[in-house]
Number of protein chains: 2
Amino acid sequence: MRQGYGRGQGRGHRWGRQLESSGIRPTLARELVFSVMESSEGHLSVEEVLQEVRKSEEGIGLTTVYRSLELLHSNGLVKKLDFGDGRAVFELSDTLSGKGPHQHLICRSCGQVQDLTGSPVDKEDFAGSMKSFIREKYRFTTENMEIKVYGLCSECG
Amino acid sequence: MRQGYGRGQGRGHRWGRQLESSGIRPTLARELVFSVMESSEGHLSVEEVLQEVRKSEEGIGLTTVYRSLELLHSNGLVKKLDFGDGRAVFELSDTLSGKGPHQHLICRSCGQVQDLTGSPVDKEDFAGSMKSFIREKYRFTTENMEIKVYGLCSECG
DNA sequence: CTGATAATGAAAATCATTTTCATTCTAGTG
DNA sequence: CACTAGAATGAAAATGATTTTCATTATCAG
Ligand SMILES: [Mn+2]
Ligand SMILES: [Mn+2]
Ligand SMILES: [Zn+2]
Ligand SMILES: [Zn+2]
């Protein structure tokens with residue numbers, strides 16, 4: 001479609017100062033991808049993000065969506081998850097979504113993914129003691145701890 | 001490579017009665033795959049299992065290793081893991097290995113995977129309270145809980 | 001405005017895993 | 001022992017998500 005990156009927003013892009021400066025440009029595609037992530041509750045596959053993005057701008061390419069999501073991910077704006085079905089899914093970062101740290105429940109029957117919040121593992125003291133245990137015993141520096149719970153959702157019960 | 005399944009062991013296959021009966025046959029390939037898993041400490045990719053297996057029997061095919069591992073996995077003899085590098089890795093089941101339940105530390109620098117044992121999450125009461133919390137709040141029946149810790153190993157510190 | 005550099009999209013390439021299919025084995029059965 | 005239905009195997013082809021390549025287009029500092 002070749003028609004200018006930022007058409008529409010101009011500069012008002014709301015996705016972080018980190019990206020401004022350092023040669024990373026706020027383009028329409030990136031803006032749209034971020035916007036989709038921002039306005040979506042759930043966990044989206046690349047293909048799903050593409051569909052959403054194309055509702056606003058027909059000609060956006062799959063490759064660009066891959067690249068935009070990767071960019072947002074490597075800059076901490078979105079999380080990249082893998083629930084074992086052979087494709088990545090993305091969701092807005094915990095801080096941006098306001099959800100705070102959370103884990104996931106994955107139904108092995110219908111595949112539904114559900115956020116798990118307020119569990120013992122979210123508690124600061126738990127995470128803390130876990131990290132120090134790991135450092136003491138293994139000299140391993142924990143950066144990120146990810147928990148996935150597999151089972152049956154209420155539907156598939 | 002076409003020369004008889006069980007050559008070597010005959011029946012003495014030590015991999016569970018579950019497989020006997022029900023038409024599942026103890027073949028040489030399966031025996032070798034299981035044997036490799038049994039005598040290996042770590043976490044092996046399919047390709048690595050293939051290499052090991054071929055040290056004993058040249059002609060074993062990659063497809064068969066995939067199928068054997070899948071068979072062992074679906075019968076609970078081996079665990080199938082994914083550390084996010086785009087390929088599955090396998091390890092002997094917790095009961096067969098004697099390791100008991102454990103989690104993993106993954107170094108994001110060198111990729112090394114290390115077993116994590118004795119952490120708070122292994123404690124029975126923790127797992128129990130976690131499961132009941134999840135059941136109460138989400139009506140979700142927990143079958144399996146998996147924890148991965150990403151960070152830097154002692155080498156890459 | 002212009003040039004250097006970044007971004008884009010289509011198509012091709014990767015790469016792990018799965019499927020297909022013709023061939024070979026196995027475990028009975030008589 | 002001779003036979004057979006069904007299981008297992010391996011090579012090759014197919015899949016499918018993600019990445020790479022490359023020619024084209026857009027951005028923006030000067
Ligand atoms: Mn989530
Ligand atoms: Mn392990
Ligand atoms: Zn379900
Ligand atoms: Zn390391």
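Order of the sequence lines sets the chain letters (A, B, ...), proteins ahead of strands, with each chain counted from 1. Just so we're clear, the structure is a prediction, and the values are computed from it rather than from any experiment.
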Distance-only donor-acceptor pairs under 3.5 Å for side chains of residues 42-49 of chain B, two or more places apart:
{"residue": "B:H43", "atom": "NE2", "partner": "B:E91", "partner atom": "OE1", "Å": "3.0"}
{"residue": "B:H43", "atom": "NE2", "partner": "B:H104", "partner atom": "NE2", "Å": "3.1"}
{"residue": "B:H43", "atom": "NE2", "partner": "B:D115", "partner atom": "OD1", "Å": "3.0"}
{"residue": "B:S45", "atom": "OG", "partner": "B:E48", "partner atom": "N", "Å": "3.1"}
{"residue": "B:S45", "atom": "OG", "partner": "B:E48", "partner atom": "OE1", "Å": "3.3"}
{"residue": "B:E48", "atom": "OE1", "partner": "B:S45", "partner atom": "N", "Å": "2.7"}

Whole-Å distance between [N] [atom2] and [X] [atom1]?
| X | N | atom1 | atom2 | value |
| --- | --- | --- | --- | --- |
| B:L71 | C:dT18 | CG | C1' | 16 Å |
| B:D82 | C:dC15 | CG | C1' | 15 Å |
| B:L50 | C:dA16 | CG | P | 13 Å |
| B:R30 | D:dA8 | CZ | C1' | 6 Å |
| A:L69 | C:dG9 | CG | P | 13 Å |
| A:R87 | C:dA16 | CZ | P | 21 Å |
| A:E31 | D:dT27 | CD | C1' | 16 Å |
| B:E47 | C:dA16 | CD | P | 7 Å |

Can you list the residues that meet the side chain to side chain contact (heavy atoms under 4.5 Å, CB included) rule with [X], with sequence neighbours excluded?
| X | value |
| --- | --- |
| A:T141 | A:R135, B:L152 |
| B:Q103 | B:L116, B:V121, B:D122, B:I147 |
| A:S93 | A:T95, A:L96 |

- The bend of the helix from C:dC1-D:dG30 to C:dG30-D:dC1, taken between the axes of its five terminal pairs at each end and rounded to 10°, is 20°

- Query: Heavy-atom contacts under 4.0 Å between residues 61-68 of chain A and DNA chain D, which residues?
  - Reply: A:T63, A:Y66, A:R67

- Task: Any pair with a residue in residues 63-77 of chain A that passes salt bridge (charged side-chain N to carboxylate O under 4.0 Å, His left out), sequence neighbours left out, goes on the list, sorted by first then second residue, please.
- Result: A:E70-A:K80

- Note on the structure: Sorted by chain and residue number, the side chain to side chain donor-acceptor pair (under 3.5 Å) partners of B:E146 (sequence neighbours excluded) come out as B:K148

- Of all residues at least two apart in sequence or in a different chain, which pass the ring pair (Phe, Tyr, Trp, His ring centres under 6.0 Å) check with B:F133? none

- State, with a plain yes or no, whether a side-chain heavy atom of B:E52 is found less than 4.5 Å away from one of B:S40. no

- Quick one: are B:S154 and A:F140 in side-chain contact, heavy atoms under 4.5 Å? no

- Note on the structure: Winner on side-chain proximity to A:R25, out of C:dT8, D:dA26, D:dA7, is D:dA26

